[in-house]
Every structure is written in C-alpha cells, then in structure tokens.
**Q** 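I am attaching a structure below and will ask some questions about it afterwards.
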Number of protein chains: 2
Amino acid sequence: MPKLIDPACAPQDHLTRQRVALVQPGAIERAAGIFRAMGDGPRLRLLTLLGQGEACVTEIATAEGEDLSTISQRLRVLRNEGLVSRRRNGKHILYGLADQHVADLVFNALAHASEGRADLSRFSSLVTHKE
Amino acid sequence: MPKLIDPACAPQDHLTRQRVALVQPGAIERAAGIFRAMGDGPRLRLLTLLGQGEACVTEIATAEGEDLSTISQRLRVLRNEGLVSRRRNGKHILYGLADQHVADLVFNALAHASEGRADLSRFSSLVTHKE
DNA sequence: GGAACACTTGAGCAACTGTTCAAGTGTTAT
DNA sequence: ATAACACTTGAACAGTTGCTCAAGTGTTCC
C-alpha cells in the first residue's frame with residue numbers, strides 16, 4: 001500500500017487524505033473579488049499605467065483613447081476592491097495604486113505572462129511616494 | 001511651476017508626462033486571462049485545495065459537495081489558462097497546481113485578503129514534488 | 001469482447017459584466 | 001451667481017460566463 005509514492009485515489013483513500021480549510025471563506029471571496037477586478041484587459045492596462053505613477057482621469061482617458069465615463073466606470077470597479085487610491089487636487093482627481101501589494105500582484109502576473117521579455121524597471125517604484 | 005511636488009494635471013502637463021508601454025499587449029491579455037480564471041470563488045477554492053497536493057476529480061467533487069461535471073468544467077477553465085497540471089493514474093486523473101508561480105499568486109492574494117489571520121503553512125509545499 | 005468506472009464535452013438557459021448615454025455632483029474661475 | 005470644467009452615477013442593452021443535463025471518450029476489470 002505505497003500511498004506516498006503513488007498518490008492513487010480509491011474511495012477509501014479519499015477519507016484518509018483529508019484536506020484542511022486553510023482560510024476563512026470570506027478571505028477566498030475577497031481574494032476572488034480582487035482577481036475578478038484585475039481579470040479584464042482594459043482594467044489591468046489601467047493598473048499598469050497607474051503603476052508608473054498617479055494620473056487624473058482625463059489624462060488616463062486621453063492616454064487610452066477612451067471617454068471619461070468609460071474610464072471612470074473602470075476605476076470604480078478597481079476602487080470597490082480597494083485596488084486604487086484616490087485624492088483630489090483642485091479640479092482633478094488623481095488615482096494611483098492602493099499599496100505595494102497591488103503593485104506586486106500586477107508585477108508578478110505581468111512578469112509571468114511576458115516570460116521575462118518585458119522591461120518593468122519603471123514599474124511601481126512610485127507607489128511608496130505617497131507623502 | 002512646482003511640478004514634482006504638486007503632480008497637477010493641466011492639458012499641457014499630460015503631454016510632458018508621457019507614459020511608456022511597459023509590456024507587450026499580448027502579455028496584458030494573458031495576465032488578465034489568468035486573473036479572470038482566478039476571479040471566481042469556487043474556482044479559487046479549487047486552487048487552494050490543489051495547493052495542498054494533487055487530487056483526482058472525484059475526490060475534489062466529494063470534498064466540495066458538487067457533482068463531477070461542475071468540477072470538471074471549473075478545471076477546464078483553469079487548465080485553459082495553464083494554471084493546473086494534469087496526469088493520468090489508472091482510472092483517475094490527478095490535478096495539481098501548474099507551477100510555483102501559480103502557488104505564489106494564490107498564496108499572496110489569500111495572505112492579503114485574510115490579513116495575516118490564516119495559517120498557510122500547509123500551502124503549496126507540495127508543488128515541487130512533481131517527480 | 002462487454003460492463004463499469006472516471007471523467008469530459010457541447011448545448012441551453014439564467015445570471016452577471018462592460019460600454020454607452022444622459023443626467024447629476026463638486027470645484028474653480030469670472 | 002453663473003458658467004465651465006472634471007468627473008461620477010444609474011439605466012439600458014449587448015456580450016459573456018457558469019451551472020446543469022445528456023451524451024460522449026478513455027481506462028480497467030471480468
């Protein structure tokens with residue numbers, strides 16, 4: 001009965017190989033929500049843009065070639081998941097990445113997806129410059 | 001005109017604060033695809049389960065209290081994004097996390113979402129035991 | 001060979017998501 | 001106070017996604 005070498009899986013094995021609930025259910029739902037918000041091309045593009053520093057909505061909109069409303073809606077989704085920061089500066093509202101953790105998630109996924117072919121040296125170095 | 005201290009954002013500023021395309025467009029789409037696959041509670045649960053070691057579909061189904069077809073469909077989505085490994089063992093097919101990178105992504109998100117209240121010591125230590 | 005087991009797959013339908021449009025809020029300039 | 005600017009928001013519609021069911025594939029056992 002070489003269970004460790006051969007992880008076979010008869011019904012009686014299932015009973016012995018009990019799995020543990022590693023995290024509280026709420027944590028999984030929150031994490032899924034974060035991934036869901038990031039799991040959209042245009043929204044992830046936005047995050048990579050903000051990874052290079054703060055920007056106001058108009059600036060983002062012109063950079064992406066989209067209208068204000070669309071960008072604002074995308075930012076709302078990201079904001080609902082706590083992924084971006086937001087502060088007013090006169091007439092403008094500046095958005096940025098919420099914290100280093102978000103920067104890391106985006107950075108890691110991009111590094112993985114581009115398999116080392118990207119130059120990410122400019123990315124997320126401004127996140128801590130919140131002052 | 002204190003631009004560095006005050007990142008204001010008049011139209012003429014937008015032109016000077018040019019952003020760079022850090023990654024090729026394809027990489028962003030691939031990364032978004034990965035996040036999209038992870039951005040579903042039940043599917044993320046599956047990944048955390050596989051983070052504790054390989055399991056066959058039947059075992060997963062009984063553990064989650066769902067039917068085979070539903071689990072198989074979820075695994076298909078994860079497989080299409082290259083997040084899980086798959087190998088046959090007799091009648092059974094064993095699934096696991098594809099690589100350490102996937103384990104890291106899930107681990108980081110859970111750690112973030114549970115704010116240090118989870119015991120993740122059992123997680124993903126088996127990923128490299130592919131032999 | 002045939003039967004049983006362990007999945008996989010395509011189709012169908014309900015539920016969700018993203019974009020656009022039109023109307024609204026808050027701030028600055030006059 | 002009025003106008004202009006910089007967004008935000010709710011509703012509506014199209015496109016996408018996830019689950020269930022029924023039929024299919026591949027493997028083992030007899």
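Computed over heavy atoms, backbone and side chain alike; hydrogens, waters and symmetry mates excluded.
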**Q** OP1 or OP2 of dT27(D) sitting under 4.0 Å from any side-chain N/O of H92(B)?
**A**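 For dT27(D), neither OP1 nor OP2 has a side-chain N or O of H92(B) closer than 4.0 Å.
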**Q** Measure from CG on L68(B) to P on dA6(C) and round the result to the nearest Å.
**A**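 It is 9 Å, rounded to the nearest whole Å.
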**Q** Can you tell me the distance, in whole Å, between the CZ atom of R36(A) and the C1' atom of dG18(C)?
**A**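 Taking atom C1' of dG18(C) as the reference, CZ of R36(A) is at 14 Å.
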**Q** Backbone N or O of H92(A) within a donor-acceptor pair of the N89(A) side chain at under 3.5 Å?
**A**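 Absent.
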**Q** Measure CE/M38(A) against P/dT17(C) and give the value in whole Å, please.
**A**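 To the nearest whole Å, that distance equals 17 Å.
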**Q** Does dA6(D) have OP1 or OP2 sitting under 4.0 Å from an N or O in the side chain of R88(A)?
**A**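 Result: no.
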**Q** List the steps, then state whether side chain to side chain contact (heavy atoms under 4.5 Å, CB included) holds for D99(A) with L83(A).
**A** CA-CA 8 Å; D99(A) 56 32; L83(A) 299 178; over 6 Å; no
**Q** Write down the distance between CD (E59(B)) and P (dA6(C)), rounded to a whole number of angstrom.
**A** 12 Å
**Q** Nearest to the side chain of C56(B), heavy atoms from C-beta on, is which of dC7(C), dT9(D), dT27(D)?
**A**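 The listed nucleotide nearest to C56(B)'s side chain is dC7(C).
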**Q** Nearest whole Å is fine: how far is dC16(C) P from D40(A) CG?
**A**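 One finds 18 Å between P of dC16(C) and CG of D40(A), rounded.
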**Q** Check this one for me: any side-chain N or O of R76(A) less than 4.0 Å away from OP1 or OP2 of dC7(D)?
**A** no
**Q** With hydrogens left out and only the distance checked, is there a donor-acceptor pair under 3.5 Å joining Q73(B)'s side chain and the base of dT8(C)?
**A**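 Answer is no: no donor-acceptor pair is held.
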**Q** Thinking salt bridges, do E81(A) and R36(A) make one under a 4.0 Å N-O criterion?
**A** no
**Q** Closest-nucleotide mapping onto DNA chain D: is V57(A) or T70(B) further toward the 5' terminus? I mean the 5' end.
**A**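 Nearest-nucleotide comparison on DNA chain D picks V57(A).
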**Q** Does a side-chain N or O of R86(A) approach OP1 or OP2 of dT8(D) to a distance below 4.0 Å, or not?
**A** yes
**Q** R43(B) side chain to A37(B) main-chain N or O, any donor-acceptor pair under 3.5 Å?
**A**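 Confirmed, R43(B) side chain pairs with A37(B) backbone.
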**Q** What is the separation between atom CZ on R74(B) and atom P on dG18(D), rounded to the nearest whole Å?
**A** 10 Å
**Q** In whole angstrom, what separates L46(B)'s CG from dG18(D)'s P?
**A** 13 Å
**Q** Quick one: is R79(B) getting a side-chain N or O under 4.0 Å of the dT9(C) phosphate, OP1 or OP2?
**A**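 True: R79(B) side-chain N/O within range (under 4.0 Å) of dT9(C) OP1/OP2.
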**Q** Heavy-atom nearest nucleotide on DNA chain C for S69(A) versus Y95(B): which residue maps closer to 5'?
**A** Y95(B)
**Q** Specify the separation, in whole Å, of atom CD1 of I71(B) and atom P of dC21(D).
**A** 15 Å
**Q** Within the distance-only criterion (no hydrogens, no angle test), does the side chain of T62(B) pair as donor or acceptor with the backbone N or O of T58(B) below 3.5 angstrom?
**A** yes
